[in-house]
Amino acid sequence: MRPHNLTIPAPARRAARLVRLRSGPPSAVVGARREDEGVRIAVTIDAAEPGGTGLSGWLQVLADDGAPTGPPRRAADLAAAVAEHECADPRPRWVWAATDSDYPRLLCAGVRVERCHDTALTEALLLGRAGRFGEPRSLEAAWARLHGLPVPEDPKPAARQEQGALFGAAAAEIAGVDAATSAQRRLELLTEVHARQLRRIAGTAPAGFATLVAAESAGALAAAEIAAGGLPWRVDAHDAVLTQLLGPRPFGDAPPAKLAELATRIGSALGHPHGRGFNPDSPAQVLRALRHAGFPVQSTRAWELRRVEHPAAALLLEYKELSRLHAAHGWAWQDAWVKGGRFRPEYVVGGVVSGRWATRNSGALQIPRIMRRAVIADEGWSLIVADAGQLEPRVLAAVSRDLGLARAAAEGDLYAALAAEAFDGDRAAAKRALLGAMYGQTSGGIGSLLTVLRKRFPVAMAYVEDAARTGERGGVVHSRLGRACPPPSSGWRSVVSGLPADEDGAAAGQAAQAGGAEPDLDADAGSEPGEHDPARRSGQAARSRGRFTRNFVIQASAADWALVWLAVLRRRLSGIAGGADRAQSGAAGLFAAAPHLVFFVHDEVVVHTPAALAQESAAAVAQAAEEARRIVFGPTPVRFPLATAIVDCYADAK
DNA sequence: AGCCCTTGCGCG
DNA sequence: AAAGCGCGCAAGGGCT
């Protein structure tokens, strides 16, 4: 019943079962298959040689507890060896050091796998459980930690592609291996690190943590496959949107006609002769000009400009909107990111402390909605666009087990149900109240709304307020499946305690800030009185962290659900069609005839599917959502309804 | 020239 | 009284 084939003493197993029956997530059973079935095989791939063809490497079959059951085996044709093992039923779980570097190479060789255990992602989850965020997670680092040796830094993500060989060599050297035999030696490190990870996972409550580990690795497979398959992106449709809004594509770095015109008009409106010499992209210039014109604005933010009754303000708003489209997702972006009718996002699985994915370089998760017009299915294909609406409030209902809120969350429109139950039918008020409760909002006159929530949904409100208090005290909270939030930095502790920071405070603070968990400790050196009052600073920092942990228990649990949704969906989709098209080689062949994931953004997936399989694919999306609900939350009246559309163009969904 | 920080806004 | 969470990216601007 466990998601992993772990060696656990019988009493511990019984205890885990009891916990699950009471409140924990049930075991991961995907389809009719138990997650722990099948063999594990550790694999390392030889470093790519210039001009080399094909993949070679090493394999080793492992027992349930990660112990080798046979000798390491050399695979001169690794892709063929992996493909052969993938024919087994049940399929193996591949154990490797890093999906994001190993799996694209297999995909490129035309091989897909069903399951894996990524030791780097697993190491990061386990380090997080130990309060050690930001420590290196590479195979070499994990192995060095096991042996008390100096731990090599992880390669910088940007450097991975260009200088990967250098960093890899440095890390290998620390682990006492020489580059020529590294794949064989790395196999030894890998099996050792993996076996130890299995034991660490088994020793980690709650039971859902093993599910989280499996889902994180499955997510990494999905991310690599999305990049390999690519999101269909029509440059002609993209050009049409840009041209309509900005004018024709300019030559070189010249600004588009529309932006140049707006800049001139803004300059004129602000009193510059012929509109020259004014840069609307400079907040400092805009601020100065508006103040000079008699408007005491604090910033040039859009919400503040909307209140400024000056002809330049409306023009500035228009300029900012178009300028952003041009700068962030204009022609330069298209040149850099769209190749062969596909946009390939570089996802960073687990790149956000909450477990959400991040992306690198392309801004894939911030693509303006209007640009979805460029996402058009291939001829004879369709897009399935599915969005888990109102995910976070539903997750709050499920994790808190508040029966009243769960009743509302059993409905298709949670906010409307909430409004009917407690807010005299005022849906907007119900929504503001719930969002305010989840984010820790106190301003904007929502105090009375929160009072209503506290009275009518005391269990849910106590859940988030407990999380906030834990954070304010410097404690750690967890997602439903057991992902840990970062502990406070020593900088935070010193501000909150009023004592000076300790020696290594700076480094710890930086790590935590990079993780996004740290409130801004030197917030706003403005002119408010009392801002240097230590008591006041302490309270600010404490409350800020309270808002973070308050939201973490919801956002991270929502990410748990979404990750499992994605993992289950990926597997279901792979079972739908005839699979690979042998006529095409490499990754292209893998996705040439079968429905596959092409985009994922927090609570929304896009599947590209042959039109004839669209209904079947859409059903898989819905079944996966239901299965994710069961795996992550167990028995609950809360529903996670999807808004699903079968469309030719992404923009036509909702 | 290149680094680092701030500002502002896109997405969920 | 303080004043809603999580991100990535581009441009400006100050600095070395």
Side-chain angles (χ1 to χ4, degrees), chain A residues 157 279-287 298-305 316-317 319-330 332-333 336-337 345-348 350-372 387-392 396 432-447 450 464 467-468 471 485-486 514-520 522-525 528-531 533 535-537 539-556 558-559 562 599-605:
Chain A
N279 179 7
D281 284 321
S282 165
Q285 280 189 40
V286 173
L287 207 56
Q298 297 300 306
S299 73
T300 64
R301 289 200 165 93
W303 66 266
E304 207 165 349
L305 288 182
L316 274 166
L317 285 167
Y319 178 91
K320 284 156 82 81
E321 193 176 339
L322 295 177
S323 164
R324 186 181 165 81
L325 282 177
H326 175 247
H329 293 94
W333 180 91
W337 290 102
E346 298 173 6
Y347 285 108
V348 184
V352 180
V353 284
S354 66
R356 283 180 169 187
W357 292 6
T359 57
R360 244 194 311 265
N361 302 329
S362 65
L365 300 183
Q366 297 105 254
I367 292 170
R369 294 178 70 100
I370 195 168
M371 293 307 179
R372 293 180 180 184
D387 178 317
Q390 306 171 338
L391 178 58
E392 294 199 347
L396 171 58
R432 278 203 303 147
L434 208 43
L435 290 174
M438 292 190 298
Y439 293 152
Q441 184 178 1
T442 56
S443 68
I446 71 161
L450 294 178
V464 290
C485 86
E518 201 62 20
D520 188 356
D522 9 72
D524 190 35
E528 293 297 315
E531 69 192 11
D533 175 4
R536 182 179 147 144
R537 293 239 305 159
Q540 273 178 356
R543 277 186 299 275
S544 179
R545 187 158 193 281
R547 287 193 301 278
F548 166 66
T549 50
R550 170 194 292 265
N551 186 250
F552 183 94
V553 295
I554 301 170
Q555 188 183 113
F599 202 52
F600 172 58
V601 45
H602 308 319
D603 59 359
E604 182 173 342
V605 299

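Atoms considered below: every heavy atom in the structure, side chains included; atoms not considered: hydrogens, waters and symmetry mates. Numbers restart at 1 for each chain; the letters A, B, ... are given by sequence-line order, proteins then strands.
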Taking only residues two or more places apart in sequence, or in another chain, which ones meet [X] in a side-chain hydrogen bond (donor to acceptor under 3.5 Å, both in side chains)?
X: A/Thr549; result: none
X: A/Gln366; result: none
X: A/Ser282; result: none

How close or far is atom [atom2] of [N] from atom [atom1] of [X], stated in whole angstroms?
X: A/Leu322; N: C/dA10; atom1: CG; atom2: P; value: 18 Å
X: A/Arg545; N: C/dC5; atom1: CZ; atom2: P; value: 14 Å
X: A/His602; N: C/dC5; atom1: NE2; atom2: C1'; value: 12 Å
X: A/Ile446; N: C/dA2; atom1: CD1; atom2: P; value: 18 Å
X: A/Arg543; N: C/dC5; atom1: CZ; atom2: P; value: 12 Å
X: A/Arg360; N: C/dG8; atom1: CZ; atom2: C1'; value: 12 Å
X: A/Asp533; N: C/dA1; atom1: CG; atom2: C1'; value: 12 Å
X: A/Arg537; N: C/dA2; atom1: CZ; atom2: C1'; value: 16 Å

Categorize [X] for me: base, sugar-phosphate, or nothing, with a 4.0 angstrom heavy-atom threshold over every strand shown.
X: A/Arg369; result: sugar-phosphate
X: A/Ile367; result: sugar-phosphate
X: A/Arg432; result: nothing
X: A/Arg324; result: base

[X]: what forms a side-chain contact (heavy atoms from CB on, under 4.5 Å) with it, not counting sequence neighbours?
X: A/Glu321; value: none
X: A/Arg356; value: A/Val352, A/Ser354, A/Glu392, A/Gln555, A/Ala559, A/His602
X: A/Leu317; value: A/Ala302, A/Leu305, A/Arg306
X: A/Ile370; value: A/Val241, A/Leu245, A/Leu325, A/Pro368, A/Arg373

Nucleotides bounding contact with chain A, strand DNA chain B, heavy-atom threshold 4.0 Å: B/dT7 to B/dG12
Choose from C/dA1, C/dG8, C/dG4 the nucleotide whose nearest atom is closest to any side-chain atom of A/Arg536. C/dA1
Stems in DNA chain C: runs of 3 or more consecutive Watson-Crick or G-U pairs, distances under 3.5 Å? B:1-12 with C:5-16
Which atom pairs, donor and acceptor, lie under 3.5 Å between side-chain atoms of residues 433-442 of chain A and protein residues at least two apart or in another chain?
from: A/Gln441; atom 1: NE2; to: A/Ser443; atom 2: O; distance (Å): 3.4

Cationic N near anionic O, under 4.0 Å, A/Lys320 to A/Glu304: no
Answer yes or no: is there a side-chain heavy-atom contact under 4.5 Å between A/Arg543 and A/Phe548? no
Which protein N or O atoms sit under 3.5 Å from an N or O of nucleotides 11-13 of chain C?
from: C/dG12; atom 1: OP1; to: A/Asn279; atom 2: ND2; distance (Å): 3.1
from: C/dG12; atom 1: O3'; to: A/Ser282; atom 2: OG; distance (Å): 3.4
from: C/dG13; atom 1: OP1; to: A/Ser282; atom 2: OG; distance (Å): 2.4

Taking for each residue the nucleotide of DNA chain C bearing the nearest heavy atom, is the 5' side occupied by A/Ala364 or by A/Gly440? A/Gly440
Would you please name every residue forming a ring pair (Phe, Tyr, Trp, His ring centres under 6.0 Å) with A/Phe599, sequence neighbours left out? none
Just N and O in the side chain of A/Arg547: are any of them under 4.0 Å from OP1 or OP2 of C/dG4? no
Is it true that a side-chain atom of A/Trp333 and a backbone atom of A/Ser362 form a donor plus acceptor pair closer than 3.5 Å? yes
